[in-house]
**Student:** 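Could you have a look at this structure, given as structure tokens, before my questions?
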Amino acid sequence: MSSQGRRAGGALVAAAVALVCLSLVLNFEVAQARIRKPRTYIVGGDKGWTFGVGRRWPVKKQRFRAGDTLVFKYAAEQHNVLVVNRAGYRNCKAPANATSYWTGNDYIKLVKGHNFFMCGFPGHCRAGMRISVKAAK
Ligand code: CU
């Protein structure tokens with residue numbers, strides 16, 4: 001092999017190594033994105049769990065995953081949080097045995113699919129205190 005041939009071969013090996021490294025880095029980043037750490041969201045942002053919250057939150061760009069946590073912040077004597085299904089959400093009607101939270105600082109983990117929550121105080125759900133959050137796997 002001529003010295004020129006050796007040089008070209010060396011360059012080829014270097015290029016191949018660079019390519020393998022690049023693909024490893026890209027693969028790693030894709031894997032990282034897929035297994036992103038669970039996130040925590042304050043329901044309603046600065047205003048918290050209040051009247052009309054469901055009309056402005058979640059904002060469109062938010063993407064939820066199962067395992068993310070919603071934090072409901074509110075005055076404990078004035079509101080609560082009930083976990084309901086789609087029908088409960090739509091009709092503002094929670095079953096008597098609905099899972100409920102009432103500390104004013106409730107941490108609720110999202111499950112895969114649709115997650116529905118409403119306030120159980122009379123009239124509050126109709127006044128917009130209900131949210132629907134869809135969580136990906
Ligand atoms: Cu309420």
Side-chain angles (χ1 to χ4, degrees):
M1 210 196 258
S2 71
S3 73
Q4 251 178 356
R6 266 202 302 279
R7 227 174 289 139
L12 216 68
V13 168
V17 167
L19 212 67
V20 167
C21 286
L22 184 68
S23 85
L24 281 177
V25 166
L26 289 176
N27 269 319
F28 179 73
E29 281 176 356
V30 168
Q32 286 282 299
R34 206 173 287 143
I35 56 162
R36 76 157 171 70
K37 285 203 187 84
R39 292 176 188 161
T40 300
Y41 298 89
I42 310 290
V43 173
D46 291 344
K47 289 181 178 164
W49 181 234
T50 51
F51 294 109
V53 61
R55 291 180 205 120
R56 54 176 185 268
W57 198 94
V59 292
K60 273 202 183 91
K61 64 175 197 284
Q62 288 172 316
R63 293 278 175 271
F64 301 91
R65 296 268 183 90
D68 285 349
T69 298
L70 298 187
V71 185
F72 292 78
K73 291 182 176 290
Y74 54 93
E77 329 74 52
Q78 292 167 27
H79 306 289
N80 65 10
V81 183
L82 303 179
V83 180
V84 292
N85 62 16
R86 185 186 294 277
Y89 170 82
R90 192 184 295 136
N91 304 318
C92 281
K93 214 167 162 62
N97 64 351
T99 301
S100 59
Y101 299 83
W102 55 84
T103 70
N105 189 38
D106 307 322
Y107 285 65
I108 305 178
K109 213 171 247 192
L110 293 174
V111 295
K112 187 184 167 232
H114 291 276
N115 295 250
F116 301 100
F117 306 97
M118 61 172 271
C119 181
F121 280 58
H124 288 202
C125 176
R126 292 268 173 225
M129 288 196 80
R130 58 175 147 178
I131 58 164
S132 160
V133 170
K134 193 179 176 187
K137 188 167 62 170

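Throughout, residue positions are numbered sequentially from 1 according to the sequence presented. Whatever order the structure lists them in is the order used to number ligands and atoms, beginning at 1.
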**Student:** Is the SG-SG separation for the cysteine pair C125 and C92 below 2.5 Å?
**Tutor:**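 Yes - the two cysteines, C125 and C92, have SG atoms within less than 2.5 Å of each other.
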
**Student:** Using atom types as modelled and distance alone, determine if a side-chain donor or acceptor of D68 lies under 3.5 Å from a backbone N or O of R39.
**Tutor:**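 Between the backbone of R39 and the side chain of D68 there is a qualifying donor-acceptor contact (under 3.5 Å).
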
**Student:** Can you tell me which residue pairs pass the side-chain hydrogen bond (donor to acceptor under 3.5 Å, both in side chains) test with a partner in residues 87-103, sequence neighbours excluded?
**Tutor:**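 Listed by first then second residue: T103-D106.
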
**Student:** Quick one: side-chain hydrogen bond (donor to acceptor under 3.5 Å, both in side chains) pairs with a partner in residues 118-136, sequence neighbours left out?
**Tutor:**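 side-chain hydrogen bond (donor to acceptor under 3.5 Å, both in side chains) check on residues 118-136 returns H79-H124.
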
**Student:** When you measure from the side chain of N80 to the backbone of G120, do you find a donor-acceptor pair of N or O atoms at a distance under 3.5 Å?
**Tutor:**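 Yes, because the side chain of N80 sits within donor-acceptor range (under 3.5 Å) of the backbone of G120.
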
**Student:** Do any protein N, O or S atoms sit under 2.8 Å from the Cu ion (ligand 1), and which ones are they?
**Tutor:**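 Metal shell, protein only: H79 ND1, C119 SG, H124 ND1, M129 SD.
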
**Student:** The criterion is side chain to side chain contact (heavy atoms under 4.5 Å, CB included); which residues satisfy it with K47, sequence neighbours excluded?
**Tutor:**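 Testing K47 for side chain to side chain contact (heavy atoms under 4.5 Å, CB included), a comparison that skips the adjacent residues, returns T50, R56.
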
